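Here is the structure we will look at, set down as structure tokens.
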Number of protein chains: 2
Amino acid sequence: MSRTRGSSGPKTLAAINEAGLDLIYTVGYEAMSLRELAAKVGLQPGSLYNHIETKQDLLFDLIHNHMVMLLARVDAELEGIDGPAERLRAFVAFHLDYHIERKREVFIGSAELRSLTPKHRKEIVALRRAYEDRLCDILKKGAAKKLFRIDDVRVTAYALLAMLTGICTWYDPKGRVNRRKLIDLHTRLVMEGVAA
Amino acid sequence: MSRTRGSSGPKTLAAINEAGLDLIYTVGYEAMSLRELAAKVGLQPGSLYNHIETKQDLLFDLIHNHMVMLLARVDAELEGIDGPAERLRAFVAFHLDYHIERKREVFIGSAELRSLTPKHRKEIVALRRAYEDRLCDILKKGAAKKLFRIDDVRVTAYALLAMLTGICTWYDPKGRVNRRKLIDLHTRLVMEGVAA
DNA sequence: GATAAAAACGATCATACGTTCGTTTCCTGA
DNA sequence: TCAGGAAACGAACGTATGATCGTTTTTATC
């Protein structure tokens, strides 16, 4: 056999990305074999290489696309919102929403950092740092206006991000707690935690 | 060659555990080869099997020992402390201390859950659940006495644990922030966050 | 409708992996 | 002191892996 009916590049690549996302999320990058991935997409192993450079590039692209999207979305979300308190609220709500919606990408984006080439890792870490800076800025401005009481901006940002990102590891959309309640609960923890 | 001078079972096993801990923390369980591990210990690959059952068992033992230790220590730490507020403070301080001291074990204990056999994973998850319950109990009692204001005990516990465990991913003992300040900062975030 | 590129196949390569095993040397307890 | 177990070696086994390549069929372009 050879090229199959109706096959198109972009469609197959999208299928590879989706299947890869799922497999890496489930079993991890190292444990995922390209044969497994190919089978899930409905291809022979070798055919993957019509769409990806290497296994490593597949991982990097997944994480990179996610990080770029995350940054674009957070900036869009915060645009036009004034005042540190309101911006912090918006940040929390956005972060939770995004992390619920794309928990696989987020999880991989931190759990599989170690599987990246040093060069690739550096690039991702820089993007993550940029995202952290969004929160740091808000905290800093709030502290300057005496709205927040913050000992150490960076450490506080890490603590809050860790808390907010935690839901990725356990949140179940069909579970007991709904999205609204989750956001309210976390918002309260954050706002009370940093309140002056 | 054959058996080397001064070799003893327990010592070698300890060396394997330490090297394994380090390698798994650095490169991950799947990415660690037993050849790499053996080289680090100073053995031939086959010799590992005088001390471990399988690679999987090595991972399980590492995580299991850590979880049992964690549970024993938290109970010892909380014993005799009265009042939800004081117990919560003690829990936070203990958790941070332990997670700073044993960040490799803690990290592996959550990051490598997926690499465990279903049966092994079940066992570890049960132990982790038991640990979470320690915090849930404190929160519940505090809420009952109107000392804390908590919407959902389990979710709040998850949020707090995620925040407190976060330091494992970035804390550097030689870094800018010292242990004391870290504990104070987190304690404040937690206590203010749940305050009635 | 011809032609080049795209996208699949299937076979294959070299390597790395976890594990086993027979053998040899060292340590320990009767 | 010596017998037996413990702890190492080194070679090997079977398998799985990421990746390559020549070939074939489909799609897209002019």
Side-chain angles (χ1 to χ4, degrees), chain A residues 1-24 26-63 108 112 114-120, chain B residues 1-21 23-24 26-63 108 112 114-117 119-120:
Chain A
M1 251 193 281
S2 58
R3 180 165 187 176
T4 49
R5 285 262 169 76
S7 67
S8 90
K11 252 200 286 184
T12 306
L13 179 57
I16 291 173
N17 280 331
E18 168 59 25
L21 193 62
D22 215 65
L23 271 176
I24 296 175
T26 313
V27 306
Y29 170 77
E30 293 284 353
M32 170 191 77
S33 79
L34 292 184
R35 282 164 175 79
E36 211 178 349
L37 175 61
K40 193 161 174 150
V41 180
L43 291 178
Q44 291 300 313
S47 304
L48 292 173
Y49 287 85
N50 286 320
H51 308 276
I52 66 172
E53 288 299 314
T54 62
K55 190 188 178 189
Q56 167 74 202
D57 285 311
L58 169 63
L59 175 63
F60 174 72
D61 286 345
L62 280 176
I63 299 181
I108 291 173
E112 298 295 358
R114 57 160 72 164
S115 304
L116 288 172
T117 297
K119 197 188 128 202
H120 280 163
Chain B
M1 253 193 281
S2 57
R3 178 165 189 176
T4 50
R5 286 261 168 77
S7 65
S8 90
K11 253 200 285 184
T12 305
L13 179 56
I16 291 174
N17 280 331
E18 169 59 25
L21 194 60
L23 272 175
I24 297 176
T26 312
V27 306
Y29 170 77
E30 293 284 353
M32 170 191 77
S33 79
L34 292 186
R35 282 166 175 78
E36 209 178 351
L37 175 61
K40 192 162 177 149
V41 180
L43 290 179
Q44 292 299 314
S47 304
L48 292 173
Y49 287 84
N50 286 320
H51 309 277
I52 66 172
E53 289 298 313
T54 62
K55 189 187 180 190
Q56 167 73 202
D57 285 311
L58 169 64
L59 175 65
F60 174 71
D61 286 346
L62 280 175
I63 299 182
I108 291 172
E112 298 294 358
R114 57 159 74 163
S115 303
L116 289 172
T117 298
K119 197 188 130 201
H120 281 164

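Small disclaimer: the values here were computed from a predicted structure and weren't measured. Letters go in sequence order (proteins before strands), and every chain restarts at 1. Reckoned from all heavy atoms, side chains included, excluding hydrogens, waters and symmetry mates.
- In terms of position on DNA chain D, the residue among B/Gly42 and A/Met32 whose nearest nucleotide sits closer to the 5' end is B/Gly42.
- Across all non-hydrogen atoms, the minimal contact from A/Leu37 to A/Ile16 is CD1-O, 3.9 Å.
- Nucleotide D/dT20 holds its P atom 10 Å from the CD1 atom of A/Ile52, rounded to whole Å.
- OP1 and OP2 of C/dA6 both lie 4.0 Å or more from every side-chain N or O belonging to A/His51.
- Per the geometry, CG belonging to B/Leu59 stands 15 Å off C1' belonging to C/dG18, to the nearest Å.
- Under the 4.0 Å criterion applied to side-chain N and carboxylate O atoms, B/Glu36 and B/Lys55 are not assigned as salt-bridge partners.
- Contact check, B/Ser33 against C/dC17: a side-chain N or O comes under 4.0 Å of OP1 or OP2.
- In this structure, A/Asn50 and A/Leu43 have side chains that are not in contact, with every pair of non-hydrogen atoms separated by 4.5 Å or more.
- Across A/Met32 and A/Leu23, no two heavy atoms sit closer than the pair SD-CB, 3.6 Å.
- What separates NZ of B/Lys11 from P of D/dA8 is a distance of 10 Å, to the nearest Å.
- C/dG18 atom C1' lies 12 Å from atom CG of B/Leu37, rounded to whole Å.
- If you check every strand for non-hydrogen atoms under 4.0 Å, B/Leu43 touches sugar and phosphate atoms only.
- D/dT17 atom C1' lies 6 Å from atom CZ of A/Arg35, rounded to whole Å.
- What separates OH of A/Tyr49 from P of C/dA7 is a distance of 17 Å, to the nearest Å.
- At a cut-off of 3.5 angstrom, the base of C/dA6 holds no donor-acceptor pair with the side chain of A/Asn50.
- Rounding to whole angstrom units, CD of residue A/Glu30 and C1' of D/dA16 are separated by 14 Å.
- Using a cutoff of 4.0 Å between basic side-chain nitrogens and carboxylate oxygens, A/Arg114 and B/Glu112 are scored as salt-bridged.
- The listed nucleotides are C/dA8, D/dA19, D/dA8; the one nearest the side chain of B/Thr12 is D/dA8.
- Contact annotation: A/Ser47 reaches the phosphate of C/dC9 (side-chain N/O to OP1 or OP2, under 4.0 Å).
- Computed from coordinates, the A/Gln44 CD to C/dA7 P distance equals 17 Å when rounded to whole Å.
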